[in-house]
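Start at 1 with the first residue, then count along the sequence.
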Amino acid sequence: MTDIDEPPEPAELIGLFEALGADDAVGWAESEAEENIPQLARFRFLRMVWQDIDAWSAAPGWVEAYREDGPAASAVRRALRLGLTPDELGEMAREIAKDTAFGLLQGLAGPADGDLPPGTEARLPGWCLAELSPEGRRTGRVLDALHEDLDEVEPQGPAGGIA
């Protein structure tokens, strides 16, 4: 890419999606090129979210740390005494992290949750996640409805996710 205002060529996009581990690099790249959706930025962000979610699958490390100290230490010790394995705790923690991430992404897309009177809700600010060029300039494209693609980006197999 020579000009920061020019989008990457489709072949370059495919290569970048492949480098990030996209199962359907061609599909993601075609969607970005044809629909002008910031799919590379979306995929990269969701990949980062999944790395944080999957960190909970690495149970022995966090189970040992939480067993020793912190507000959940007694609950972790009790669960282990009752026969849950660190891997089972990891599976539970991963699912909780996934549900939390989904809720945050959904809230980012539409912060109104019906908890407040409509008149108040209408006066509150919202937010968005915006794409930046590799040079750090705003592209004008927004990463919207990220919760819709969270499951699509989920890592599969032993390297990611619960096999």
Salt-bridge criterion met for Lys98 and Asp151 (N-O under 4.0 Å): yes
Do Gln39 and Phe17 come close enough that some side-chain heavy atom pair is under 4.5 Å? yes
Output, in order, the C-alpha distance, side-chain angles, deciding distance and verdict of side-chain contact (heavy atoms from CB on, under 4.5 Å) for Arg137 and Leu132. CA-CA 5 Å; Arg137 291 189 12 190; Leu132 299 177; over 6 Å; no
Is there a side-chain contact (heavy atoms from CB on, under 4.5 Å) between Ile53 and Glu154? Walk through the geometry before answering. CA-CA 10 Å; Ile53 292 169; Glu154 180 175 5; over 6 Å; no
For residues Met48 and Leu40: do they belong to one hydrophobic cluster (side chain heavy atoms under 4.5 Å, members Ile, Leu, Val, Met, Phe, Trp, Tyr)? yes
Where do Pro10 and Ala29 come nearest, in terms of heavy atoms and distance? O-CB, 4.3 Å
Backbone N/O of Thr85 and side chain of Glu88: donor-acceptor pair under 3.5 Å: yes
Whether the side chain of Arg77 engages the backbone of Arg67 through a donor-acceptor N/O pair (distance < 3.5 Å, no angle test) should be reported. yes
Using a 3.5 Å distance criterion without hydrogens, assess whether the side chain of Asp24 forms a donor-acceptor pair with backbone atoms of Gly27. yes
Atom of Ala97, atom of Trp56 and distance for their closest heavy-atom approach: CB-CD1, 3.6 Å
Look up atom OG1 in Thr100 and atom CD in Glu95, then write down how far apart they are to the nearest 0.5 Å. 10.5 Å
Is there a continuous path of hydrophobic side-chain contacts, each under 4.5 Å between heavy atoms, that joins Leu82 to Val63? no
Salt-bridge criterion met for Glu152 and Arg42 (N-O under 4.0 Å): no
Gap between atom CG of Leu46 and atom CG of Leu150 - 0.5 Å precision: 6.0 Å
Any side-chain heavy atom of Leu13 within less than 4.5 Å of one from Glu30? no
Work out which heavy atom in Thr139 is nearest to a heavy atom in Ser133; give both atom names and the distance. CG2-N, 3.6 Å
Give the cluster check for Leu104 versus Leu124: same hydrophobic cluster or not, with ILVMFWY residues linked at side-chain heavy-atom distances below 4.5 Å. no
Which heavy atom of Asp54 sits nearest a heavy atom of Arg94, and at what distance? OD1-NE, 2.5 Å
Ignoring hydrogens, what is the shortest heavy-atom contact between Cys128 and Val142? Give both atom names and the distance. CB-CG1, 3.9 Å
Spell out, as yes or no, whether a donor-acceptor pair under 3.5 Å connects the side chain of Trp50 to the backbone of Pro155. no
Closest approach of Ala93 to Trp62 (non-hydrogen atoms, all atoms of both residues): CB-CZ2, 3.6 Å
Backbone N or O of Leu20 within a donor-acceptor pair of the Arg47 side chain at under 3.5 Å? yes
Are Leu146 and Phe102 connected into the same hydrophobic cluster when the rule is that any two of I, L, V, M, F, W, Y join if their side-chain heavy atoms are below 4.5 Å apart? yes
Counting C-beta onward and ignoring hydrogens, is there a side-chain heavy-atom pair between Leu80 and Leu89 closer than 4.5 Å? yes
With side chains defined as the heavy atoms from C-beta onward, is the minimum distance between Leu108 and Leu129 less than 4.5 Å? yes
Side-chain contact test, heavy atoms from C-beta onward, threshold under 4.5 Å: evaluate it for Trp28 versus Asp23 and give yes or no. no
For residues Glu121 and Leu116, determine if any side-chain heavy atom of one lies less than 4.5 Å from a side-chain heavy atom of the other. yes
More than 12 heavy atoms of other residues, nucleotides or ligands under 6.0 Å from CZ of Arg44: is that the case? no
With a 3.5 Å distance limit and no angle check, can you tell me whether Glu131 reaches the backbone of Leu143 through a side-chain donor-acceptor pair? no
Linking I/L/V/M/F/W/Y whenever any side-chain heavy atoms sit under 4.5 Å apart, do Leu84 and Tyr66 land together? yes
